[in-house]
Amino acid sequence: MLCLQVSTAGYGKIEDIVTRMQDDKTGGVPIRTVKSFLSKIPSVVTGSDIVQWLMRNLSIEDTGEAIHLGSLIAAQGYVFPISDHVLTLKDDGTFYRFQAPYFWPSNCWEPENTDYAIYLCKRTMQNKARLELADYEAENLARLQRAFARKWEFIFMQAEAQVKIDRKKDKTERKILDSQERAFWDVHRPVPGCVNTTEMDIRKCRRMKNPQKVKKSVYGVTEESQPQSPVHMPSQPVRKTTKEDFRKQITFLNMQIERHCLKMSKVAESLIAYTEQYVEYDPFITPAEPSNPWISDDVALWDIEMSKEPSQQRVKRWGFSMDEVLKDPVGRDQFLRFLESEFSSENLRFWLAVQDLKKQPLQDVTTRVEEIWQEFLAPGAQSAINLDSHSYEKTSQNVKDPGRYTYEDAQEHIYKLMKSDSYARFLRSSAYQDLLLAKKKSLFALRSSPECVSVTSSFPCKLPEEQVLVSC
Amino acid sequence: MHSRMATEGLRENETLASLKSEAESLKGKLEEERAKLHDVELHQVAERVEALGQFVMKTRRTLKGHGNKVLCMDWCKDKRRIVSSSQDGKVIVWDSFTTNKEHAVTMPCTWVMACAYAPSGCAIACGGLDNKCSVYPLTFEKNENMAAKKKSVAMHTNYLSACSFTNSDMQILTASGDGTCALWDVESGQLLQSFHGHGADVLCLDLAPSETGNTFVSGGCDKKAMVWDMRSGQCIQSFETHDSDINSVRYYPSGDAFASGSDDATCRLYDLRADREVAIYSKESIIFGASSVDFSLSGRLLFAGYNDYTINVWDVLKGSRVSILFGHENRVSTLRVSPDGTAFCSGSWDHTLRIWA
């Protein structure tokens, strides 16, 4: 009985590849029987055949990549080396065989230890040298014998029954089936040190398993008591779409249809322009100067950035957009001091105060809203900002029910004003231009300003960039 | 007045079927409208852009210390410290430059799938199968007992899949297997806003990089990526082109677009102004899911970690793969570029984290 809730993206692609690989009508790998000393090795293909096939059919240019992919296909259990428990792919004459679809991972196998015990027990009953247990298998068997001491007779009997069934099969068929069975266990009980590819991401588990389903046994053994899956999680109840859901969808869709969107050509130009502007700041593309600390083991780059003297490159970035100035604490500081020198800093200080308001814990919000009102908006305010009457009205209403977004509209309005006015003046100012051209003029920061004082705390608890503006 | 009464009358006559077909026809109309604006492909316009040179990206640091699968990591703003969390419940803070472990705490649950560093560098947040997001202040006391200072902030009804501080230590945004995202006040633990709309587990989220923005994007098992207004709780935009779970979403540095990584083995770029998928990053030979994605500083490169243990580096504009990085010995589960873009960190089910530059 197959698991019905398999996520198709999980196994679909890999199984499609494995199927194509075996299909000789469409240029699959050459699967053949190889003569060896006294016997024949049925149904094998070489590692290099697989590697070649992958490179040809999946457009892989690099052998290493093909070997890596092939090894993963092996690790998942779709193809296996006939003479090794370790499921990896080698690009040479090593022989591999394909796994029977019955044993594919998409069948949601979760074989119990009783099955594994039956398998190992069965192996000890067979007299062939090639079927001798490996050291780790012998250890596993010993451990299982201790764990299942009480029902070992039952396990032994099952193993005997399996041996009987196997003996009835054709010799060649047995060779193939034995190896496929062994490969199945190599996936579900891997060699110590190998990746267990059956491990699942717990977030995806409950959609893969049907908790009601009885776990099937490899050897048809029915368990008296099914152990509860250790990963039992309640699955989301599937809600049927209601009228209300559809109404919401319709409202949403209408909103989207009304939305003014840009043409792809415009969007492409914009994305390209952005990367081109910032490419010189991207250490992966333009090597960092003086060096990338991770590569050179020298933190000079970071020391320079922490200093109060911004590089020309850093100052240039402030000119890209007002957000860049506001984002960089040194830039922000320079911008503020420039405006102070012109006695026009109230807009920026209001903007910063509102940003700060949004960072406050809930319990402090009401107080801060009031403080901001008093300083910037109340009649006769010390740092009165200039809002149009509409925004002012709206804000006065908002203040009656104070919250983190009380000043959102006002802030947006002031932001636009600053962008076209204060920011533009800052970029034209000699203060900024001097920094940009790295003229040896002392920075504003060195002059003590009677207005706002910035306090920097030292790392590690507070980063030097965290500047707390004490409001005047 | 008359039209309102008429509309209400119509509402009575709406059946489930008629609403469904109206929604379907609107979807068709929307697709038509969007298609009109699709005059060219990004990679076509990008043909004029200079090709990238050969990259030499190597593992520069390997962080060993977790006893089980590494599930999540986040950078500190200081560009060198990181926090990482694991399946065995351990959360570790490292100075990844020296590889020294600076703090460690063991959560009471396994599968700690989410962790985040506070903007101040003074705290971390984490959670997972406990359905909560907890905040731990970081101190430099000699015998620090992190667990004692733990503060439970978020409470969901299913596993916590992702968490992120906003631009302040005082608010945390969370995503959960219960299908919702939520914004919380750290100090009081109060729910400030919840975000409903995903039809299944939400697996990831990312906050828009703007100084003024109040939006974030989330991705889920319903194959949808949704953009939200943090103030109103409303979904502003929605994208559904992946064929399977979206494991990771990350904004393009300008904030005008975002990338996603999915179990369908592709990564995609969605532009918010075009309201559309504008690029898909895939190869025939990439058949395992992409678990986590992040952009380089300029947005030209997209780093993506996959369940096939590799990291693929994509040219975002041209759509081609520029590099494949081997090294991890099991799935790559988490990947973030450092705050100044000088490196990126990957975490894996092989118990290690690697810094690449």
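Below, chain A is the first sequence line, B the second, and so on; all start at residue 1.
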Chain A contacts, top residue of Gln87(B), Glu32(B), Glu50(B), Arg80(B) (heavy-atom pairs, under 4.5 Å): Arg80(B)
Gap separating the OG atom of Ser298(B) from the CD atom of Gln277(A), nearest 0.5 angstrom: 11.0 Å
pair Thr166(B)-Lys358(A): side-chain heavy atoms closer than 4.5 Å: no
Val45(B) versus chain A, the contacting section by heavy-atom distance below 4.5 Å: both
Worked check of side-chain contact (heavy atoms from CB on, under 4.5 Å) between Trp294(A) and Ser96(B): CA-CA 10 Å; Trp294(A) 300 102; Ser96(B) 59; 3.2 Å; yes
Nearest-0.5 Å distance, SG of residue Cys261(A) to CG of residue Asp275(B): 4.5 Å
Residue selection (most heavy-atom pairs with chain A, distance under 4.5 Å) from His43(B), Gln44(B), Arg61(B), Gln190(B): Arg61(B)
Nearest non-hydrogen partners of Leu42(B) and Met264(A), listed with the distance: N-CE, 4.1 Å
Per-residue contact mode, Gln76(A) against chain B (heavy atom under 4.5 angstrom): side chain
Residue Phe165(B) versus chain A: region with a heavy atom under 4.5 Å: neither
Contacting region of Pro137(B) [heavy-atom separation from chain A under 4.5 Å]: neither
Separation between CG of Leu362(A) and OG of Ser188(B), rounded to the nearest 0.5 Å: 5.0 Å
Option that, when pairs with chain B are counted at under 4.5 Å, heavy atom only, ranks first among Glu276(A), Gln249(A), Glu269(A): Glu269(A)
Side-chain heavy-atom pair Phe295(B), Asp282(A) within 4.5 angstrom cut-off: no
Approximate separation, where rounding is to 0.5 Å, of Ile285(A) CD1 and Leu301(B) CG: 4.5 Å
Salt bridge (charged side-chain N to carboxylate O under 4.0 Å, His left out) involving Glu284(B) - partner list, sequence neighbours excluded: none
Met322(A) portion near chain B, given a 4.5 angstrom heavy-atom threshold: neither
Side chain proximity check, Glu33(B) to Gln256(A), heavy atoms < 4.5 angstrom: no
Between Asn167(B), Val278(B), Thr212(B), the one whose heavy-atom pairs under 4.5 Å with chain A are most numerous: Asn167(B)
Engaged part of Lys27(B) at the chain A interface, taking heavy atoms whose separation is under 4.5 Å: both
Neighbour count above 12 (heavy atom, 6.0 Å) for Lys327(A) NZ: yes
Side-chain donor/acceptor of His68(A) to backbone N/O of Asp308(B), under 3.5 Å: yes
Trp302(A)/Asp78(B) under side-chain contact (heavy atoms from CB on, under 4.5 Å): CA gap, chis, key distance, verdict: CA-CA 9 Å; Trp302(A) 292 335; Asp78(B) 76 346; over 6 Å; no
Under 4.5 Å from a heavy atom of chain B, the part of Ile250(A) involved: both
Heavy-atom pairs under 4.5 Å with chain B, option from Val354(A), Leu54(A), Leu326(A), Leu253(A) with the top count: Leu253(A)
Best-contacting candidate, Asp297(A), Val195(A), Leu271(A), Ile17(A), against chain B by heavy atom pairs under 4.5 angstrom: Leu271(A)
Between CD on residue Glu199(A) and CZ on residue Arg331(B), distance to nearest 0.5 Å: 8.5 Å
Within-4.5 Å side-chain heavy-atom neighbours: Leu203(B) and Lys204(A): yes
Chain A contact via Leu16(B) - side chain, backbone, both or neither, heavy atoms under 4.5 Å: both
Side chain to side chain, Tyr274(A) and Asp256(B), heavy atoms closer than 4.5 Å: no
Asp201(A) versus Trp349(B), side-chain donor and acceptor atoms under 3.5 Å: no
Trace of the side-chain contact (heavy atoms from CB on, under 4.5 Å) decision for Ile272(A) with Arg48(B): CA-CA 10 Å; Ile272(A) 292 170; Arg48(B) 68 153 207 272; 3.5 Å; yes
Those residues that, when tested against Arg404(A), pass salt bridge (charged side-chain N to carboxylate O under 4.0 Å, His left out) (two or more places apart): none
Atom NZ of Lys263(A): over 12 foreign heavy atoms under 6.0 Å: no
Heavy-atom proximity to chain B below 4.5 Å, by part of Thr197(A): side chain
Heavy-atom pairs under 4.5 Å with chain B, option from Leu72(A), Leu301(A), Asp62(A) with the top count: Leu72(A)
Residue Leu19(B) versus chain A: region with a heavy atom under 4.5 Å: both
Derivation of the side chain to side chain donor-acceptor pair (under 3.5 Å) call for Glu408(A) and Asn214(B): CA-CA 10 Å; Glu408(A) 208 60 8; Asn214(B) 287 315; 2.6 Å; yes
N-O pairing of Lys283(B) and Glu65(A) below 4.0 Å: no
Aromatic plane relationship, Phe284(A) with Phe344(B) - under 30° parallel, 30 to 60° tilted, over 60° perpendicular: tilted
Where Val267(A) and Ala274(B) come nearest, the two heavy atoms and their spacing: CG2-CB, 3.9 Å
Carboxylate-amine/guanidinium proximity below 4.0 Å for Arg247(A) and Glu22(B): no
Lys/Arg-Asp/Glu bridge criterion (N-O < 4.0 Å) met for Asp39(B), Lys266(A): no
Validation row: Ile287(B), Asp16(A) side chains within 4.5 angstrom (heavy atoms): no
Least distance between heavy atoms, Ala265(B) atom then Lys13(A) atom: CB-NZ, 4.2 Å
Side chain to side chain, Phe97(B) and Pro293(A), heavy atoms closer than 4.5 Å: yes
Note: Asp245(B)-Arg203(A) ion pair, threshold 4.0 Å (strictly below): no
Distance in Å, Gln360(A) CD paired with Gln171(B) CD, rounded so as to fall on 0.5 Å steps: 9.0 Å
Largest heavy-atom contact set with chain B, pairs under 4.5 Å, which of Asn292(A), Asn254(A), Thr275(A): Thr275(A)
Nearest non-hydrogen partners of Ser210(B) and Asp323(A), listed with the distance: OG-OD2, 4.1 Å
Lys69(B), NZ atom: more than 12 neighbouring heavy atoms under 6.0 Å: yes
Under 4.5 Å from a heavy atom of chain A, the part of Ala46(B) involved: both
Side-chain donor or acceptor of Asp185(B) paired with backbone N/O of Pro361(A) under 3.5 Å: no
Contacting moiety of Ser333(B), where chain A heavy atoms sit under 4.5 Å: neither
